Asker: 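Pasting a structure below so you can have a look.
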Amino acid sequence: MSVGFGIRDRTAIVGLGATPIVKRGQSAPQTLDELACKAILAAASDAGLPVTAIDGFAYFAGGHDSGALAETLGIPEVRFSATLTGSGGGSAGAVGLASAAIVAGMAETVVVVCAVQQADLRYGAMPTSYEATPDGSFYQSTGLVGPGHMFALLAQRHMHLYGTTRDHFAEVALSTRANAIDHPYAVMRKPMTREDYFAAPMIADPHCLFDFCLETDGAVAVIVTSAERARDLRRRPVMVHSSAHGGARDWGRSIYWMGMPDESFASSGHAAIARRLYDASDVGPEGIDTAQVYDHFSSQVILQLEDYGFCAKGEGGPFVASGAIRRDGALPVNTDGGQLSGGYIWGMTHIREAVEQLRGTAFHQVPDARFALVTGGPSNLPVSGLILRSDA
Amino acid sequence: MTRIANRPPDIGFALATDRWTAPFWEAVATHRLTAPRCTTCGHFRMPPTPFCPWCRAQAVDWVDLPGTGRIYSYTIVERATLPGTEGHIPYVPAVVSLDGGCGIRLITNIVDSPIDGIAIGAPVTVVFDPVGEAIVPRFRLSEGQRRT
């Protein structure tokens with residue numbers, strides 16, 4: 001039995017809830033917990049469950065205070081409360097954490113929730129908020145003021161090794177924007193041309209403005225329960241087919257030390273996750289109908305497509321240039337406009353879109369989508385991935 | 001006009017150390033670049049950590065490095081994200097592979113060098129820069145590489 005096999009199809013996402021996603025600062029004067037609670041209430045309502053049925057919380061990136069949420073929402077007993085370590089790397093894996101709790105019998109109905117408000121702290125400048133630490137002293141003087149500056153170093157190396165070009169990054173930005181146009185959830189709905197892309201200010205070469213994700217506020221929650229209970233609820237269940245988190249030692253601290261071996265420096269750090277995810281799954285990359293790929297930066301979409309085996313290492317640029325990730329391509333990617341153009345809730349919108357695709361209710365529906373891949377953010381360990389399956 | 005790589009903005013850098021990293025910074029303060037090598041198996045390890053990831057031994061020798069290396073990757077920062085840092089544009093965060101057979105990279109900056117000469121593989125030489133109350137190692141393109 002492969003590692004990870006034990007959760008396969010034994011749990012399902014039965015409820016989906018979200019606040020409107022708005023530009024940074026515009027969620028005020030709502031509080032962060034208020035946003036989280038609104039998403040949780042919406043997810044419970046969507047599932048046809050009273051919010052009091054929730055008995056577990058699974059998080060990533062620091063999570064929320066389960067005690068405060070339980071008190072606020074009148075949830076009578078919390079039986080599971082856990083957070084993946086690390087930062088945005090854990091978004092997809094938090095669903096697997098919820099599944100593990102349910103399969104182990106520790107809780108029955110677990111909510112995965114994340115709320116983001118960037119009024120005080122722009123995530124684009126997050127490293128400037130880190131306290132001085134012995135590890136941090138090895139990069140904090142260098143003016144790498146945002147994650148996009150750090151990942152630019154990986155992108156530059158990928159260009160050097162494989163001939164990847166800014167045109168390839170542009171194709172990611174343009175195809176993602178094309179999916180956001182008219183999308184009811186998306187923040188950036190105006191068309192973008194190749195000329196617009198190349199006219200945008202360069203921020204940290206090779207990343208220009210449109211290679212960066214949005215800075216937005218909002219919250220998304222999903223409710224996970226056992227497959228048996230899921231089939232009695234009002235929504236078509238979306239099965240948690242496979243989930244993995246962690247990663248290889250070689251990836252380790254990744255952008256916070258940049259010591260990765262040459263084979264993995266110009267990558268997303270997801271290769272080990274992809275192997276485990278597919279090993280525990282009925283499908284490999286050829287069986288994925290749509291991929292919701294963590295797009296904090298356009299270059300990292302290309303590097304993840306390689307790590308998840310949709311193309312060979314180094315071929316990610318030509319792969320996207322072929323039109324493969326467009327809605328009419330072989331692998332529709334970030335069909336809701338992703339984080340580059342739709343909205344950024346630390347990876348949670350990717351989970352939402354995968355659920356909508358597998359329910360058959362997506363705004364840009366991929367016909368007959370049965371398997372959807374969701375990835376967590378390339379970052380320091382853990383990184384994570386998730387394959388969801390429709391129950392049709 | 002030749003554009004020169006500036007120093008990055010100092011956004012409140014405060015050096016923090018522990019017993020494992022302090023010798024690196026103490027050497028840098030005296031303008032020496034050093035790295036810790038496991039006394040048991042001979043592997044270098046950076047950043048300095050309490051255990052050797054190859055043999056789990058703890059003790060290290062601090063070895064002097066030549067202070068030269070090559071650019072492994074870099075980014076030219078062309079826009080000030082933080083208010084008040086416009087005067088530092090352009091500056092160049094970089095990862096430099098250090099010479100001396102140590103297999104170590106540093107996250108650093110390329111400074112005082114023409115932007116046009118900055119490329120992956122370009123040889124660089126250490127300089128020691130005061131930042132706040134600390135000294136940090138940065139690099140400039142080595143002589144002969146400084147096309148203007």
Side-chain angles (χ1 to χ4, degrees), chain A residues 122-161 200-209 211-212 215 249-250 252-262 265-266 297 299, chain B residues 6-22 24-25 45-49 53 71-82 85 88-97 103-110 115 118-121 129-132 134-138:
Chain A
R122 302 180 60 174
Y123 283 24
M126 185 175 279
T128 63
S129 73
Y130 296 162
E131 62 177 320
T133 63
D135 272 12
S137 289
F138 286 96
Y139 69 85
Q140 285 171 336
S141 70
T142 61
L144 288 169
V145 294
H149 295 62
M150 295 169 156
F151 279 105
L153 292 158
L154 279 58
Q156 189 87 260
R157 185 79 190 165
H158 199 271
M159 297 170 88
H160 171 77
L161 290 175
M202 181 61 74
I203 295 179
D205 167 47
H207 285 164
C208 74
L209 178 67
D211 295 310
F212 282 67
E215 292 178 311
R249 181 260 175 186
D250 282 352
R253 280 171 271 207
S254 69
I255 53 170
Y256 299 108
W257 172 245
M258 306 262 184
M260 304 83 93
D262 206 31
F265 183 91
F297 310 107
S299 56
Chain B
N6 285 324
R7 281 163 173 73
D10 177 6
I11 48 178
F13 176 70
L15 178 64
T17 63
D18 58 30
R19 62 181 288 212
W20 296 97
T21 68
F24 176 86
W25 295 106
R45 64 180 194 256
M46 278 286 278
T49 48
I71 297 176
Y72 183 79
S73 197
Y74 66 94
T75 179
I76 301 166
V77 178
E78 299 279 13
R79 192 173 169 94
T81 309
L82 304 174
T85 62
H88 295 266
I89 300 299
Y91 68 90
V92 185
V95 176
V96 166
S97 299
I104 288 167
R105 299 185 205 131
L106 287 182
I107 306 175
T108 181
N109 295 96
I110 308 303
I115 293 281
I118 293 170
I120 290 175
D129 263 7
V131 179
I135 306 281
V136 301
R138 290 174 172 158

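Quick note: numbers below take in every heavy atom, side chains included, and nothing from hydrogens, waters or symmetry partners. Since we're looking at a predicted model, the values are computed, not measured. Chain identifiers are assigned alphabetically (A, B, ...) following the order of the sequence lines, protein sequences preceding nucleic acid strands; residue numbering begins at 1 within each chain.
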Asker: Are the side chain of Gln140(A) and the backbone N or O of Phe13(B) linked by a donor-acceptor pair below 3.5 Å?
Answerer: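 It does not hold such a pair.
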
Asker: Given heavy-atom pairs under 4.5 angstrom as the criterion, report whether the side chain, backbone, both or neither of Thr133(A) touches chain B.
Answerer: backbone

Asker: Taking all non-hydrogen atoms of both residues, which atom of Ala14(B) and which atom of Ala132(A) are closest, and how far apart?
Answerer: O-CB, 3.3 Å

Asker: Any side-chain heavy atom of Pro53(B) within less than 4.5 Å of one from Arg249(A)?
Answerer: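 Side-chain contact under 4.5 Å: yes.
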
Asker: Checking heavy atoms, do the side chain of Trp25(B), its backbone, both or neither come under 4.5 Å from chain A?
Answerer: side chain

Asker: At what distance, to the nearest 0.5 angstrom, does CD1 of Ile89(B) lie from CE of Met202(A)?
Answerer: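 With rounding to 0.5 Å, CD1 (Ile89(B)) is 12.5 Å from CE (Met202(A)).
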
Asker: So what's closer than 4.5 Å to chain A heavy atoms on Ile76(B): side chain, backbone, both or neither?
Answerer: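 Looking at Ile76(B), backbone and side chain both touch chain A.
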
Asker: As an exercise: rank Arg7(B), His88(B), Glu78(B) by heavy-atom pairs under 4.5 Å with chain A and give me the winner.
Answerer: Glu78(B)

Asker: Which answer fits Thr49(B), side chain, backbone, both or neither, if we ask what part of it has an atom under 4.5 Å from a heavy atom of chain A?
Answerer: side chain

Asker: Find the one option among Pro201(A), Gly259(A), Ala152(A) whose heavy-atom pairs under 4.5 Å with chain B are most numerous.
Answerer: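 If we count pairs closer than 4.5 Å to chain B, Pro201(A) comes out on top.
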
Asker: Measure distances from Tyr91(B) to the heavy atoms of chain A and classify the residue's part below 4.5 Å as side chain, backbone, both or neither.
Answerer: side chain

Asker: To the nearest 0.5 Å, what is the distance between CG (Asp135(A)) and CG (Asp18(B))?
Answerer: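 If we round to the nearest 0.5 Å, Asp135(A):CG and Asp18(B):CG are 7.5 Å apart.
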
Asker: If I measure from the heavy atoms of chain B, does Pro127(A) come under 4.5 Å with its side chain, its backbone, both, or neither?
Answerer: neither

Asker: Would you say Ile107(B) and Tyr256(A) make side-chain contact, with heavy atoms under 4.5 Å?
Answerer: no

Asker: Return the OG to NE2 distance between Ser73(B) and His158(A), rounded to the nearest 0.5 Å.
Answerer: 11.5 Å

Asker: Is it true that Asp262(A) and Tyr72(B) share a donor-acceptor pair across their side chains at a distance under 3.5 Å?
Answerer: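 Short answer, yes.
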
Asker: Quick one: does Arg105(B)'s side chain have a donor or acceptor within less than 3.5 Å of a partner on Trp257(A)'s backbone?
Answerer: no

Asker: Kindly determine whether Thr81(B) and His149(A) satisfy side-chain contact (heavy atoms from CB on, under 4.5 Å), including the steps that lead there.
Answerer: CA-CA 10 Å; Thr81(B) 309; His149(A) 295 62; 3.6 Å; yes

Asker: Without swapping roles, check the side chain of Thr75(B) against the backbone of Asp205(A) for a donor-acceptor pair under 3.5 Å.
Answerer: yes

Asker: Relative to chain B, which segment of Ile255(A) carries a heavy atom at a distance below 4.5 Å: side chain, backbone, both, or neither?
Answerer: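 It is the backbone, since no side chain atom gets that close.
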
Asker: Could you tell me whether the side chain of Thr142(A) reaches within less than 4.5 Å of the side chain of Pro8(B), counting heavy atoms only?
Answerer: no

Asker: What part of Ala94(B) lies closer than 4.5 angstrom to a heavy atom of chain A: side chain, backbone, both or neither?
Answerer: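 The backbone, not the side chain.
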
Asker: So which of Leu154(A), Ile203(A), Leu144(A), Leu209(A) has the biggest tally of heavy-atom pairs under 4.5 Å with chain B?
Answerer: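 Max contact count across the listed options: Ile203(A).
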
Asker: Ignoring hydrogens, what is the shortest heavy-atom contact between Pro134(A) and Thr21(B)? Give both atom names and the distance.
Answerer: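 So the minimum-distance heavy-atom pair works out to CB-OG1, 4.0 Å.
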
Asker: Which region of Val136(B), side chain (C-beta onward) or backbone (N, CA, C, O), has a non-hydrogen atom less than 4.5 Å from a non-hydrogen atom of chain A, or is it both or neither?
Answerer: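 The side chain, not the backbone.
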
Asker: Under a 3.5 Å distance rule, please check whether Ser137(A) uses its side chain to pair with a backbone N or O of Leu15(B) as donor and acceptor.
Answerer: no

Asker: Let me confirm one number: the CD-CD1 distance from Gln156(A) to Ile118(B), rounded to the nearest 0.5 Å.
Answerer: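 Separation between the atoms: 10.5 Å.
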
